[in-house]
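Read the structure below first, then the notes.
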Amino acid sequence: MRAIQPGHVVDVTTEGRQFTAAVHSIVPAGDPRSQSFEVLVKAPPVEGLLAPGNTVQVVLPLGTPQRRLSVPRDALIIRADGLYVYRVTKELRPSVWT
């Protein structure tokens, strides 16, 4: 499930002015190469700010930031008895995290 859903409110900035708009819908077919998707927002009446060809910046709330331990996929050692990650310390002694 995507973090952005119809009904969510987003911040829109154009020509140095900011306003909020509601997400109207999300186009279900995204672009897997760029990992992007279209979001349609319904803007309130903003006198003279929105016209075809204008550039706007939209801030999408994609979820609550979380602290996670992440390692490159190639660093994982997958065995029948578990998943392991080797870490090399300053002393160049490997230690195993399970």
Side-chain angles (χ1 to χ4, degrees):
M1 181 169 105
R2 289 194 169 118
I4 188 79
Q5 297 292 323
H8 286 176
V9 175
V10 295
D11 293 323
V12 181
T13 304
T14 183
E15 297 183 20
R17 296 202 26 217
Q18 185 176 1
F19 58 92
T20 58
V23 173
H24 179 267
S25 59
I26 299 171
V27 177
D31 181 356
R33 176 172 268 172
S34 67
Q35 297 185 359
S36 63
F37 57 94
E38 287 186 49
V39 176
L40 305 176
V41 298
K42 184 170 182 155
V46 283
E47 197 71 30
L49 284 182
L50 298 176
N54 283 17
T55 301
V56 298
Q57 179 180 6
V58 179
V59 178
L60 300 176
L62 297 179
T64 305
Q66 300 176 10
R67 290 185 60 100
R68 301 282 180 174
L69 173 65
S70 62
V71 296
R73 184 177 177 164
D74 291 341
L76 298 177
I77 300 168
I78 302 168
R79 299 285 185 248
D81 62 337
L83 183 67
Y84 302 92
V85 175
Y86 281 93
R87 178 178 67 126
V88 178
T89 64
K90 286 182 182 179
E91 294 82 29
L92 299 178
R93 290 190 324 245
S95 58
V96 180
W97 296 354
T98 58

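None of these values were measured; they are calculated from a predicted model.
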* Structure fact -> R68 meets the side-chain hydrogen bond (donor to acceptor under 3.5 Å, both in side chains) criterion, sequence neighbours left out, with Q66

Got a list of side-chain donor-acceptor pairs under 3.5 Å for residues 69-83, not counting sequence neighbours?
{"residue": "D81", "atom": "OD1", "partner": "Y84", "partner atom": "OH", "Å": "3.4"}
{"residue": "D81", "atom": "OD2", "partner": "Y84", "partner atom": "OH", "Å": "2.9"}

* To do: Output every pair passing side chain to side chain donor-acceptor pair (under 3.5 Å) with a member in residues 17-29, not counting sequence neighbours, ordered by first then second residue.
  => none

* When you look at CD of E38, are more than 12 heavy atoms from neighbouring residues, nucleotides or ligands closer to it than 6.0 Å? -> no

* Structure fact -> Note: V23 and V41 closest approach over all heavy atoms is CA-CG1, 4.1 Å

* To do: Specify the closest pair of heavy atoms between V56 and V12, including all atoms of both residues, with the distance to one decimal.
  => CB-CG1, 4.1 Å

* Asked: What residue among V39, T13, T14, V10 forms side chain to side chain contact (heavy atoms under 4.5 Å, CB included) with V58?
  -> V10

* Structure fact -> CD1 (I26) and CG (L40) are apart, to the nearest 0.5 Å, by 9.0 Å

